[in-house]
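Reminder, nothing fancy here: chain letters follow the sequence lines and each chain counts from 1. It should be emphasised that the depicted structure is a prediction, and the values quoted were computed from it without experimental measurement. All values below were derived from every heavy atom in this structure, side-chain atoms included, with hydrogens, water molecules and symmetry-related copies excluded.
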Amino acid sequence: MKIATFNVNGVRSRLAHLLLWLEREQPDIACLQELKSEGHGFPTLDVRARGYEAIFHGQKSWNGVAILAKGAKPVEIGRAMPGDPNDEQSRYIEADVGEVRVGCLYLPNGNPAPGPKFDYKLRWFERFTQHAAELLAHEAPVVLAGDYNVMPTDLDVYKPERWLDDALFRPEVREAYARLVAQGWTDALRTLHPGERIYTFWDYFRNAWPRNAGLRIDHFLLNPVAAKRLAAAGVDREVRGWEKTSDHAPVWVELKPRAPKPRTKVRKVTE
DNA sequence: ATGCCTATTATTAATAGA
């Protein structure tokens, strides 16, 4: 089973990119972020024509998240991150797709830091961490996928010293990510590719893509049940090279099928 | 220290992104 996450940076302006990517890569589940569109702008019929059913949490102009699944509509579990009933921003949606629980997130950017936006980011991170603690022990595989807006370590930044005061790399944010992972989550890409430079985002500025000045900010966290089945993980870098493309590339993981149940012992005789 | 580039919204400029 292939599960992907893709910050599309505008689902309407990036519709052709999204559809071409779905046709080529055929993920079983796709998490999308930065729809930048209200619900009625979501291309339900276009993705259905490619074999996908979708649920989404849209918003005018900004934010917006969606979960797509091949052949079956995701069963929505929730769309509001607990902890702040006044939070109006569409940054999270959670669903069951078959046996897999999927959380699709778009964590706040937080710049400029310090400031109210940075405070909001840290509070959101804390709410997410509390929610994740409940999901960790779920009996079924849990996959938390999306744009976390944090580079976890120096290895995840083309030039760490330049980003020290940025909201994506400040110590508070890296520590928040580390605390989350320490609950028992597996960072899928880093676990399968230790020591490797992996980027998922390249700024539109500064000629970042041609010179590979990238950041790793889109992540997959797996609970122990899912981590046991982790078979492969990667980045669809070629998408970032397309014309008028998103500044993020899609990221994916491959989970092995569920192990067959051990043979049952001799059935108890009841009478 | 700031802009670079891009999308959205609302009217040619402001805001947000990372």
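As rounded to the nearest Å, B:dT11 and B:dT15 have P atoms that lie 13 Å from one another. For the P atoms, the distance from B:dA10 to B:dC5 is 26 Å, rounded to whole Å. Between B:dG3 and B:dG17, the distance separating the two C1' atoms is 14 Å to the nearest Å. Distance check on atom P: B:dT8 versus B:dT2 gives 27 Å, rounded to whole Å. B:dC4 and B:dA14 are spaced 13 Å apart, taking the P atom of each and rounding to whole Å.
Looking only at side-chain heavy atoms (C-beta outward), A:Asn111 and A:Lys117 stay at 4.5 Å or farther from each other. Put simply, the side chain of A:Tyr106 reaches to within 4.5 Å of the side chain of A:Glu34, judged on heavy atoms. Side-chain contact between A:Pro224 and A:Leu136 is present, with at least one heavy-atom pair separated by less than 4.5 Å.
Within the nucleic acid shown, A:Arg162 comes within 4.0 Å of at least one base atom, counting heavy atoms only. In this structure, A:Asp147 reaches the sugar-phosphate backbone alone: every heavy-atom distance under 4.0 Å involves primed, P, OP1 or OP2 atoms, never a base. Across all strands shown, A:Lys121 has no heavy atoms under 4.0 Å from either base or sugar-phosphate atoms. Heavy atoms of A:Asn149 sit under 4.0 angstrom from primed sugar atoms or phosphate atoms, though from no base atom. Contacts of A:Tyr148 with the nucleic acid, taken as non-hydrogen atoms under 4.0 Å apart, are absent.
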* Kindly indicate, with the supporting measurements, whether the criterion salt bridge (charged side-chain N to carboxylate O under 4.0 Å, His left out) is fulfilled by A:Asp147 and A:Arg91. => CA-CA 10 Å; A:Asp147 180 355; A:Arg91 295 184 175 276; over 6 Å; no
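Relative to the side chain of A:Ser13, the nucleotides B:dT9, B:dA7, B:dA16 differ in distance, and B:dA7 lies closest. When the nucleotides B:dT6, B:dG17, B:dG3 are ranked by their closest atom to the side chain of A:Arg14, B:dT6 comes out on top.
In this entry B:dT15 has B:dA7 as its Watson-Crick or G-U wobble partner, both defining distances falling under 3.5 Å.
A straight line from CG of A:Asp203 to P of B:dC4 spans 13 Å, rounded to a whole angstrom. In this structure, CZ of A:Phe205 is placed 6 Å from C1' of B:dC4, rounded to the nearest angstrom. A:Asp165 places its CG atom 15 Å from the C1' atom of B:dT2, with the value rounded to the nearest Å. Distance NZ (A:Lys36) to C1' (B:dT15): 10 Å, rounded to an integer number of Å. As rounded to whole Å, 19 Å separates atom C1' of B:dC4 from atom CH2 of A:Trp209. The interatomic distance linking A:Asn7 (CG) with B:dG17 (P) rounds to 11 Å, in whole Å. If you take CH2 of A:Trp163 and P of B:dA1, they are 16 Å apart, rounded to a whole angstrom. Atom CG of A:Asn9 is separated from atom P of B:dG17 by 11 Å (rounded to the nearest Å).
When each of A:Leu107 and A:Arg12 is assigned the nucleotide of DNA chain B with its nearest heavy atom, A:Arg12 is the one assigned upstream, toward the 5' end. Nearest-nucleotide assignment on DNA chain B puts the 5′-proximal partner with A:Lys244, out of A:Lys244 and A:Asp247.
For A:His248 and A:Asp218, the side-chain atoms include at least one donor-acceptor pair closer than 3.5 Å. Using a 3.5 Å distance cut-off with no hydrogens or angles, the side chains of A:Tyr177 and A:Arg179 do not pair a donor with an acceptor.
The stretch residues 55-64 of chain A touches DNA chain B through A:Lys60, A:Ser61, A:Trp62, each having a heavy atom within less than 4.0 Å of the strand.
When every heavy atom of A:Tyr52 is checked against every heavy atom of A:Leu68, the shortest pair comes out as CD2-CB, 4.1 Å.
A distance of 10.5 Å separates CH2 of A:Trp21 from CD of A:Glu238, quoted to the nearest 0.5 Å.
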